[in-house]
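Input: a single structure, listed below in structure tokens.
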Number of protein chains: 2
Amino acid sequence: MDQRQALAAFGALSQETRLHIIRMLVVSGPDGMAAGSIAEKAEVSPSNVSFHLKELERSGLITQQRESRSIIYTANYEALGGLIRFLMEDCCGGNAEICAPAAAVAACCAPATKEELQ
Amino acid sequence: MDQRQALAAFGALSQETRLHIIRMLVVSGPDGMAAGSIAEKAEVSPSNVSFHLKELERSGLITQQRESRSIIYTANYEALGGLIRFLMEDCCGGNAEICAPAAAVAACCAPATKEELQ
DNA sequence: TCAACTATTCAAGGATTATTGAAATATGGA
DNA sequence: TCCATATTTCAATAATCCTTGAATAGTTGA
């Protein structure tokens, strides 16, 4: 993740509807969600959700694939991880204290297995 | 960090000059930088840097304090950590794979002591 | 092929954000 | 007090982004 991509990703996440969409897609996992379902749950018009999905895709944070009549959108976990990494690597330039709270979250997350999560 | 703060922070980071400023302030540590030095290093006009600094402060990512004629700006490490945490906590809702790359960065950062960094 | 379904694209307008240069404010020293 | 320094504020303009509704495009089943 370079600065150009990070700027696009931060821009994508800085809008209420898009942040809402990303959070839904992260929760929905690899199955993703159809554009229509996203519009319904986020309570925005089809054309508006389409605008924001395009913006999110341009930033690399989500991907799309057609499935019959629907277009399924999925969170790009690699890009999200890369963004976190981009923020954290900066802080590693001499200032461990920024990373400490994030490391605590990571610690509660990374060791979890599928069994533990159920 | 709630959604409202996260939106403001993402918005603040989504602009080239501001991202540049944040990265400089993170590197400069607790000493911070005067507004004039920031303007000079970022190669923007005083009034423009002032506009962006105000925006960054509004988002909570930096703080200011006057020191003689200068106004010193400092990165708010807690807010930056909180933002990373906000991104990561979302992913912890069932999807450890997002956190994995970030956890790796955290691991290389968190155990570092002041002695090790010199 | 036709109709229904799902979603995107387009153009217009409104709203927000960024840049610029001039004027104003605050501080410290002669 | 007066001047120089450091920075902010303001108003105007330019640029970007968001929303809306109508028109368009791909997909499926009758």
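Worth saying up front: this structure is predicted, and the values here are computed from it rather than measured. Residue numbers start from 1 in every chain, and the chains themselves are labelled A, B, ... in the order their sequence lines are given, proteins ahead of strands.
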| Got a second to check how far N76(A)'s CG is from S59(A)'s OG, nearest 0.5 Å? |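 The CG atom of N76(A) sits 9.0 Å away from the OG atom of S59(A).
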| message | Would you compute the distance between atom CG of L7(A) and atom CG of L19(B) and round it to the nearest 0.5 angstrom? | response |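 Separation between the atoms: 5.0 Å.
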To the nearest angstrom, how far is [X] atom [atom1] from [N] atom [atom2]?
X: Q65(A); N: dA7(C); atom1: CD; atom2: C1'; value: 15 Å
X: E55(A); N: dT8(C); atom1: CD; atom2: P; value: 14 Å
X: L56(B); N: dT17(C); atom1: CG; atom2: P; value: 14 Å
X: L53(A); N: dT9(C); atom1: CG; atom2: P; value: 11 Å
X: K54(A); N: dA7(C); atom1: NZ; atom2: C1'; value: 13 Å
X: I72(A); N: dT6(C); atom1: CD1; atom2: C1'; value: 11 Å

Side-chain heavy atoms nearer than 4.5 Å, only ILVMFWY residues, links allowed to pass through others: does that put [X] and [Y] together?
X: I22(A); Y: F51(A); answer: no
X: L80(B); Y: M1(A); answer: yes
X: I72(B); Y: L53(B); answer: no

| message | Could you check whether atom CD of Q3(B) has more than 12 heavy atoms from other residues, nucleotides or ligands sitting under 6.0 Å from it? | response |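 Yes, the 6.0 Å shell around CD holds more than 12 heavy atoms from other groups.
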| Looking only at atom types and distance, does a side-chain atom of R85(A) sit under 3.5 Å from a main-chain N or O of A79(A), one as donor and one as acceptor? |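 No, the answer is negative, given that no donor and acceptor are paired below the 3.5 Å cut-off.
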| task | Please confirm whether the backbone N or O of I21(B) pairs with a side-chain atom of Y73(B), one donor and one acceptor, at under 3.5 Å? | result |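 No; judged by distance alone, with no hydrogens or angles, the pair does not exist.
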| query | Using a heavy-atom cut-off of 4.0 Å to chain B, what are the terminal contacting nucleotides of DNA chain D, in 5' to 3' order? | reply |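 Contact span on the strand: dT5(D) to dT9(D).
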| task | Only pairs at least two apart or in different chains count here, so list each salt bridge (Lys or Arg N to Asp or Glu O under 4.0 Å) that has a residue in residues 53-70 of chain A. | result |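 Sorted result for residues 53-70 of chain A: E55(A)-R58(A).
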| message | Let me test you: for the helix from dG14(C)-dC17(D) to dA30(C)-dT1(D), what is the angle between the axes at its two ends (five pairs each), rounded to 10 degrees? | response |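 Helix axis angle between the two ends: 20°.
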| message | Tell me which residues in residues 35-52 of chain B lie within less than 4.0 Å of DNA chain C, going by non-hydrogen atoms. | response |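 Hits under 4.0 Å, by residue number: S47(B), N48(B), F51(B), H52(B).
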Let me check something: any side-chain donor-acceptor pairs from residues 29-48 of chain B under 3.5 Å, sequence neighbours excluded? List them with distances.
residue : atom : partner : partner atom : Å
S45(B)  : OG   : N48(B)  : N            : 3.1
N48(B)  : OD1  : H52(B)  : NE2          : 3.3

Side-chain heavy atoms of [X] within contact of [Y], under 4.5 Å:
X: L83(B); Y: L13(B); value: yes
X: L25(B); Y: T74(B); value: no
X: Q65(B); Y: I71(B); value: no

| field | Residue whose nearest DNA chain D nucleotide is more 5′ - E67(A) or Q15(A) | value |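 Whichever sits nearer the 5' end wins; that is Q15(A).
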Distances for protein N/O vs nucleotides 23-27 of chain C N/O pairs under 3.5 angstrom?
residue : atom : partner : partner atom : Å
dT27(C) : O2   : R69(B)  : NE           : 3.3

| said: When you measure from the side-chain N and O atoms of Y73(A) to the phosphate of dT8(C), is any distance below 4.0 Å, counting only OP1 and OP2? | reply: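 Result: yes.
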